[in-house]
Amino acid sequence: MKQGLDRILFSTLAIVLAAIWALPFAYSVWTAFHEEKYSANFQLSAPWTLENFIVAWQAAPFSLYFANTIILITIVLIANLVLCTLVAYAFVRYKFRWAGFLFAFIMVQLLISPEILIVENYLTLSRVGLTDTIIGIALPYLTSAFGIFLLRQTFLTVPKSLDEAAQIEGASTWRILWNVYVPLSWPVYLAYSLVSVSFHWNNFLWPLIITNSPEVRPLTVGLSVFATVDSGVEWSLVNAATLMTTAPLIIAFIIFQRQFVANFMRAGIK
Amino acid sequence: MQVLFNSTIYAIGTIPLAIGLAIGMALLVNSRLPGTALMRLSFFMPTMLPMIAVANIWLFFYAPGIGLASQILEIFGLPSINFLGRTDTSLASMMFVAVWKEAGLFMIFYLAALQAVPTNLKDAARLEGASSGRVFLDIVLPLLRPTTIFVAVNALINAFRLVDHVIVMTEGGPNNSSSLLLYYIYEVTFRQRDFAYGATLTVLMVFTLGLLAIAQFWLLNRKAHYQ
């Protein structure tokens with residue numbers, strides 16, 4: 001009897017919490033798919049429309065912003081995968097002077113992320129003349145302390161005997177990395193890539209500071225320029241633009257929900 | 001000074017609340033209740049959205065008159081509040097947005113930890129006649145401690161790192177009431193072009209973060225039980 005009561009209590013709690021959590025997002029979706037006049041009054045019979053999305057898409061160069069974001073995350077992801085792999089490999093394979101100190105030094109950067117150093121990074125980039133370029137947006141993120149840490153931990157779990165067997169067969173250091181370490185770590189690469197792509201798709205503060213012209217703006221900055229409510233843009237358009245720019249991530253998440261959650265978990269276990 | 005005070009309140013207010021909610025969500029999603037997949041989606045969705053999209057959604061939610069928040073107040077016969085336009089509510093409104101976005105991510109980490117709790121420990125305790133509340137407090141919670149350390153450090157970093165919503169929703173206003181340290185650095189440096197002051201504040205911030213992280217790690221680690 002008590003068990004049953006507990007169950008009902010917990011179910012109610014769960015439903016209420018989930019509903020509260022979904023409410024702001026659901027409200028935004030509702031507004032985006034309806035005419036402006038329904039945005040403040042909720043009526044079940046209100047007609048659904050795609051009009052807002054079409055108007056929003058044409059009101060700002062969103063296709064350009066999409067292209068910029070995709071170029072940006074591609075540059076960052078490739079650089080991250082290559083650089084973090086090489087650094088992590090060096091830490092795992094070689095015993096060198098100051099290795100412990102250097103690794104601790106890299107770990108400090110987990111705490112002091114590039115966002116916190118916006119002032120210094122901006123000054124550096126303006127000295128070399130890379131402000132207002134996509135490379136400039138990508139530069140502070142080309143390597144990642146988190147990626148190095150994650151790959152180092154993964155490479156440490158690769159059995160030493162496999163490495164030694166490959167050496168006896170005469171494989172070079174590069175070949176061992178490519179044919180032993182990398183294939184054994186691919187789930188971690190996948191997890192890291194997912195985290196990295198969603199992080200850079202969403203990154204806002206740094207691109208906002210470093211870009212001035214629409215030609216290099218990523219989606220998040222483009223959205224904020226478009227959606228400044230002071231400029232008199234209608235709420236339904238703001239909501240439509242917001243959903244539009246995040247749709248790829250949301251759709252990807254719904255399709256890959258299971259893998260995504262599992263990979264996030266794996267990425268989180270340190 | 002106002003900014004330092006705001007940042008402190010923001011960190012103290014959001015971190016424990018987000019962690020508490022995340023543990024609760026993880027327990028609910030991990031239970032054998034119906035509809036857990038839908039619940040997980042609902043809790044995790046805000047994490048997927050960019051902070052700037054979250055800010056737009058909440059800007060609309062808080063909007064006086066047409067936003068859902070003031071409509072709900074109206075149903076209960078209360079006057080609508082301009083949440084973001086008042087010095088006494090703007091910071092709390094920002095904190096709520098941050099908790100909404102972060103809790104789902106932390107839930108995932110707790111979910112992973114919960115699934116790693118050995119069931120035989122729980123069964124043994126139940127055989128001894130422990131209530132489910134006691135099982136949670138004495139067995140599950142201590143085993144979650146390493147996760148809590150990890151999540152708390154991350155939450156701390158995020159509390160200082162993420163200010164996108166401040167830029168979009170209030171620009172630190174009204175009267176600096178919702179300005180956070182990193183936002184203030186941004187404003188001083190890139191709006192008022194005072195690079196020297198911005199750099200000084202950056203040093204202060206790095207120093208504070210380092211001290212806080214050491215303190216937090218020490219505090220949580222001291223009480224950790226490892227098996």
Side-chain angles (χ1 to χ4, degrees), chain A residues 6-7 10-11 13-15 17-19 21-25 27-28 31 39-40 42 108 110-113 115-120 122-123 198 201-205 208-209 219-221 223-224 227-229 235 238-239 241-243 245-246 249-250 253-254 257 261 264-266 268-270, chain B residues 21 24-25 28 31 33-46 48-53 56-61 63 65-66 68 71 100 103-105 108-109 111-112 132 150 153 157 160-164 167-168 182 185-186 189-190 195 198-199 201-202 205-206 209-210 213:
Chain A
D6 273 4
R7 210 179 144 78
F10 273 109
S11 307
L13 184 70
I15 292 164
L17 194 59
W21 231 247
L23 205 56
F25 186 69
Y27 193 50
S28 170
T31 309
S39 68
F42 184 80
V108 171
L110 277 180
L111 188 68
I112 302 159
S113 55
E115 287 78 26
I116 292 167
L117 300 174
I118 44 175
V119 180
E120 289 306 313
Y122 180 83
L123 289 176
S198 73
W201 191 285
N202 297 347
N203 200 10
F204 172 67
L205 182 61
L208 173 73
I209 290 166
L219 270 177
T220 44
V221 181
L223 176 63
S224 84
T228 320
V229 181
W235 277 115
V238 172
N239 281 310
T242 303
L243 289 185
T245 52
T246 36
L249 279 184
I250 297 173
F253 172 66
I254 291 172
Q257 205 199 139
V261 170
F264 254 101
M265 282 184 194
R266 203 180 287 121
I269 300 165
K270 290 195 163 185
Chain B
L21 274 170
M25 289 170 174
L28 289 176
S31 65
L33 297 173
T36 48
L38 212 62
M39 270 193 289
R40 189 173 61 187
L41 185 67
S42 150
F43 293 147
F44 193 65
M45 182 67 93
M48 291 299 305
L49 301 172
M51 194 45 150
I52 151 120
N56 277 338
I57 289 170
W58 278 87
L59 201 57
F60 179 49
F61 193 82
I66 81 165
L68 199 57
Q71 290 194 27
W100 186 73
L105 178 63
I108 297 293
F109 299 132
L111 207 52
S132 43
F150 169 75
V153 170
I157 296 168
F160 281 91
R161 188 180 68 84
L162 261 184
V163 293
D164 302 357
I167 296 178
V168 176
L182 184 58
I185 291 176
Y186 163 77
T189 315
F190 298 103
F195 282 86
L201 286 172
T202 305
M205 178 149 179
V206 169
L209 261 180

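Throughout, protein chains are lettered first and strands after them, A, B, ... in sequence-line order, and every chain is numbered starting at 1.
- For chain A, the option among B/Ile157, B/Thr202, B/Leu28, B/Asp164 with the highest count of heavy-atom pairs below 4.5 Å is B/Asp164.
- The minimum heavy-atom distance between B/Ile52 and A/Ser224, with the atom names listed, is CD1-CB, 3.2 Å.
- Looking at A/Leu219, neither its backbone nor its side chain comes within 4.5 Å of chain B, counting heavy atoms on both sides.
- Ranked by heavy-atom pairs shorter than 4.5 Å toward chain B, the options A/Asn203, A/Thr245, A/Leu123, A/Leu243 are led by A/Leu123.
- Both the backbone and the side chain of B/Phe195 come within contact range of chain A, with heavy atoms under 4.5 Å apart.
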Going through the checks in order, is the side chain to side chain contact (heavy atoms under 4.5 Å, CB included) test met by A/Leu117 and B/Val206?
CA-CA 9 Å; A/Leu117 300 174; B/Val206 169; 4.3 Å; yes
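- Considering only residues two or more places apart in sequence or on other chains, B/Met45 meets the side-chain contact (heavy atoms from CB on, under 4.5 Å) condition with A/Phe25, A/Ile250.
- Interface residue A/Leu205: backbone and side-chain heavy atoms are both found under 4.5 Å from chain B.
- Both the backbone and the side chain of B/Trp100 come within contact range of chain A, each with at least one heavy atom under 4.5 Å from a heavy atom of that chain.
- Proximity to chain B (any heavy atom under 4.5 Å) is restricted, for A/Leu208, to the side chain, taken from C-beta onward.
- For the side-chain contact (heavy atoms from CB on, under 4.5 Å) with A/Ser28, the lone residue among B/Asn56, B/Leu49, B/Ile57 that qualifies is B/Ile57.
- Using a 4.5 Å heavy-atom cutoff, the side chains of B/Pro50 and A/Phe204 are not in contact.
- Counting all heavy atoms, side chain and backbone alike, A/Thr246 lies closest to B/Ala53 at CG2-CB, 3.9 Å.
- When all heavy atoms of A/Trp21 and B/Ala103 are compared, the closest pair comes out as CZ2-CB, 3.9 Å.
- Interface residue B/Leu209: backbone and side-chain heavy atoms are both found under 4.5 Å from chain A.
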Evaluate side chain to side chain contact (heavy atoms under 4.5 Å, CB included) for A/Ile118 paired with B/Leu182, printing each intermediate quantity in order.
CA-CA 9 Å; A/Ile118 44 175; B/Leu182 184 58; 4.0 Å; yes
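- Relative orientation of the B/Phe60 and A/Tyr27 rings is parallel, given thresholds of 30° and 60° on the angle between their planes.
- A/Thr220 meets the side chain to side chain donor-acceptor pair (under 3.5 Å) test with no other residue; sequence neighbours excluded.
- Heavy atoms closer than 4.5 Å to chain A are found in the side chain of B/Ile167, but not in its backbone.
- Of the two parts of A/Ile112, only the side chain, counted from C-beta on, holds a non-hydrogen atom closer than 4.5 Å to a non-hydrogen atom of chain B.
- In this structure a side-chain-to-backbone donor-acceptor pair under 3.5 Å is present from B/Ser42 to A/Ala18.
- Using a 4.5 Å cut-off between heavy atoms, B/Leu21 touches chain A through its side chain atoms alone.
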